[in-house]
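By convention here, the first residue in the shown sequence is residue 1.
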Amino acid sequence: MDTQEEKPLPSTLYTEEYFLTACEGYDVFLDSEGQQLSRRLSQAFAMADVQPGMRVLDVGCGRGEILRHCMRLGIDAFGIDYATAATAMSRDVILAEQKTLFDAGEADKITYAGVCRSDAKKLPFADGYFDRVLMFDVVEHLHPWELHAAMLEVRRVLTDNGRFIIHTAPNRWYDTYAYPWVRRFRLLLGADADTYPADPRAITPVNQDVHVNEQDLFSMRRALAQAGFHSKVWLDSPPQNRQENLLMATLRYMAFNLPPFSWFFEREEFAVAEKMR
């Protein structure tokens, strides 16, 4: 039952270790010191179609690489996160980019970037302030009542012609319906049970503690509509890059490209939303 008795997850669950060992894209972040975006972040950011002169808000800014990317594009960017570790890491990334530009003699290219510790349900910004609001890998960490409150706040701070971009994973229907069959099949082929645990969240153990609201294609559309957004929602998956025989390649194509199979086998969800008029 979705009530406000479902208490928010404690911010102390989100430590620097979490962001550097379990939060997707940590390997790219460590290798590039935040100068590059992971495949997932890059794909999600591209949906925003951000242009110079816009104001961007990153809700749940985490390590801060989106803020650094915005600075490199000449865009004013703001980040909020309710984890102390995240705001500290984001500030370090902002300072690193400012120093990089200053040392390169390009101080005139330094745009505004800021970060503060804040709850997504109470954004500390004026109405209609942002052209783009990003919410990457935050949805699954918010109970349904929290997500609704956060989306209402996003709607408030977004300009009338602004755009709200979401990425969340996993697709709930994959974990619930497809993964058990994938697991059985892989174990029959000799895969290690540790690689395919009974609970798919156990693949990244911390997700058993922090994933409280995974979405499917239809629940995401419904949540956005209830918060006053028109939206386009779709599913996708990380590149597989498997070398397989014709039968397996055909089955994989069907699972990931043909509805309704793809509704169950695609792993990730994207959404682009605009305010209802």
J.: Taking everything shown except Glu17 itself, do over 12 heavy atoms lie less than 6.0 Å from its CD?
T.: no
J.: Do the non-hydrogen side-chain atoms of Asp58 and His69 ever get within less than 4.5 Å of each other?
T.: no
J.: What's the separation between atom CG in Asp49 and atom CD1 in Ile165, rounded to the nearest 0.5 Å?
T.: 9.0 Å
J.: Taking Arg68 as the fixed residue, which of Glu97, Glu33, Gln98 is the one that meets the side chain to side chain donor-acceptor pair (under 3.5 Å) rule?
T.: Glu97
J.: Above 12 or not: heavy atoms from other molecules or residues under 6.0 Å from CZ of Phe102?
T.: no
J.: Are Glu146 and Lys121 close enough for a salt bridge, meaning some N to O gap below 4.0 Å?
T.: yes
J.: Output the distance between atom CG (Leu251) and atom CZ (Phe261), rounded to the nearest 0.5 Å.
T.: 10.0 Å
J.: Report yes or no: does Arg156 contribute a side-chain atom to a donor-acceptor pair with the main-chain N or O of Leu123 at less than 3.5 Å?
T.: yes
J.: Calculate, to the nearest 0.5 Å, the distance between atoms CG and OG1 belonging to Leu9 and Thr12 respectively.
T.: 9.5 Å
J.: Return yes if some donor-acceptor pair links the side-chain N/O of Arg186 with the main-chain N/O of Ala191 below 3.5 Å, else return no.
T.: no
J.: Do side-chain atoms of Arg277 reach the backbone of Asp160 as a donor and acceptor pair under 3.5 angstrom?
T.: yes
J.: Rounded to the nearest 0.5 Å, how far does CE of Met151 lie from CD1 of Ile166?
T.: 4.0 Å
J.: How about CH2 on Trp234, more than 12 heavy atoms from neighbouring residues, nucleotides or ligands closer than 6.0 Å, or not?
T.: yes
J.: Measure the spacing between OG1 of Thr111 and CD1 of Ile94 and express it to the nearest 0.5 Å.
T.: 9.5 Å
J.: Any heavy-atom pair between the side chains of Pro200 and Arg183 that's under 4.5 Å?
T.: no
J.: Taking all non-hydrogen atoms of both residues, which atom of Arg63 and which atom of Phe19 are closest, and how far apart?
T.: NH1-O, 2.7 Å
J.: Can Arg40 be said to sit on top of Phe136's aromatic six-ring, NZ or CZ under 6.0 Å from centre and within 45° of the ring axis?
T.: no
J.: Any idea which heavy atoms bring Val59 and Ala120 closest together, and the distance?
T.: CG1-CB, 3.8 Å
J.: Tell me if the aromatic rings of Tyr18 and Tyr14 count as close, with their centers under 6.0 Å from one another.
T.: yes
J.: Heavy-atom distance under 4.5 Å between the side chains of Leu67 and Val93, does that happen here?
T.: no
J.: Please check: side-chain N/O of Asp81 versus main-chain N/O of Gly62, any donor-acceptor pairing under 3.5 Å?
T.: yes
J.: Mind checking whether Arg267 and Phe256 have side chains closer than 4.5 Å, heavy atoms only?
T.: yes
J.: Contact between Pro197 and Ile203 at the side-chain level, heavy atoms closer than 4.5 Å - yes or no?
T.: yes
J.: Examine distances only and state if a side-chain atom of Ser42 and a backbone atom of Leu37 form a donor-acceptor pair shorter than 3.5 Å.
T.: no
J.: Could you walk me through whether Leu217 and Asn171 satisfy the side-chain contact (heavy atoms from CB on, under 4.5 Å) test, starting with their C-alpha distance in whole Å, then the side-chain angles of each, then the deciding distance to 0.1 Å, before giving a yes or no?
T.: CA-CA 8 Å; Leu217 192 64; Asn171 169 17; 6.0 Å; no
J.: Going by distance alone, is a donor N or O of one side chain under 3.5 Å from an acceptor N or O of the other, for Arg222 and Gln226?
T.: no
J.: Might you confirm whether atom CD of Gln35 has over 12 heavy atoms from other residues, nucleotides or ligands at distances under 6.0 Å?
T.: yes
J.: Does some side-chain heavy atom of Arg132 sit less than 4.5 Å from a side-chain heavy atom of Ile75?
T.: no
J.: Calculate, to the nearest 0.5 Å, the distance between atoms CE and CG belonging to Met135 and Leu147 respectively.
T.: 6.5 Å
J.: State whether Arg39 and Glu268 are salt-bridged, where the test is any N-O pair (Lys NZ or Arg NE/NH1/NH2 against Asp/Glu carboxylate O) under 4.0 Å.
T.: yes
J.: Counting N and O atoms only, with roles assigned by atom type, does the side chain of Asn213 sit under 3.5 Å from a partner on the main chain of Leu142, one being a donor and the other an acceptor?
T.: yes
J.: Has the side chain of His143 got a donor or acceptor atom that lies under 3.5 Å from a matching backbone atom of Lys7?
T.: yes
J.: Under the 3.5 angstrom rule, does the side chain of Arg117 hit a backbone N or O of Ala88 as a donor-acceptor pair?
T.: no
J.: Under 4.5 Å between any side-chain heavy atoms of Phe164 and Leu224, yes or no?
T.: yes
J.: If you compare all heavy atoms of Ser38 against all heavy atoms of Glu24, which two are closest, and at what distance to 0.1 Å?
T.: OG-OE1, 3.3 Å
J.: I want to check something: taking the side chain as every heavy atom from C-beta on, are Cys116 and Ile80 in contact at a cut-off of under 4.5 Å?
T.: yes
J.: Kindly determine whether Met89 and Phe29 satisfy side-chain contact (heavy atoms from CB on, under 4.5 Å), including the steps that lead there.
T.: CA-CA 11 Å; Met89 294 175 73; Phe29 178 84; 4.2 Å; yes
J.: Between Trp263 (side chain) and Trp173 (backbone), is there a donor-acceptor pair under 3.5 Å?
T.: no
J.: Please determine whether side chain to side chain donor-acceptor pair (under 3.5 Å) holds for the pair Glu140 and Thr168, giving the CA-CA distance in whole Å, both sets of side-chain angles, and the decisive distance to 0.1 Å.
T.: CA-CA 7 Å; Glu140 63 272 22; Thr168 182; 2.6 Å; yes
J.: Ignoring hydrogens, what is the shortest heavy-atom contact between Val115 and Cys61? Give both atom names and the distance.
T.: CG2-SG, 3.6 Å
J.: Using only atom types and a distance under 3.5 Å, with no angle test, would you say the side chain of Asn207 pairs donor to acceptor with the backbone of Arg201?
T.: no
J.: Anything under 30° is parallel, anything over 60° is perpendicular, the rest tilted; go ahead and classify Phe270 against His167.
T.: perpendicular
J.: Stepwise, does the side chain to side chain donor-acceptor pair (under 3.5 Å) test hold for Ser219 with Gln215?
T.: CA-CA 6 Å; Ser219 66; Gln215 301 292 311; 2.8 Å; yes
J.: Run Phe78 and Phe130 through ring-ring contact (aromatic ring centres under 6.0 Å, His included) and show every step you take.
T.: CA-CA 9 Å; Phe78 301 75; Phe130 291 101; 5.4 Å; yes
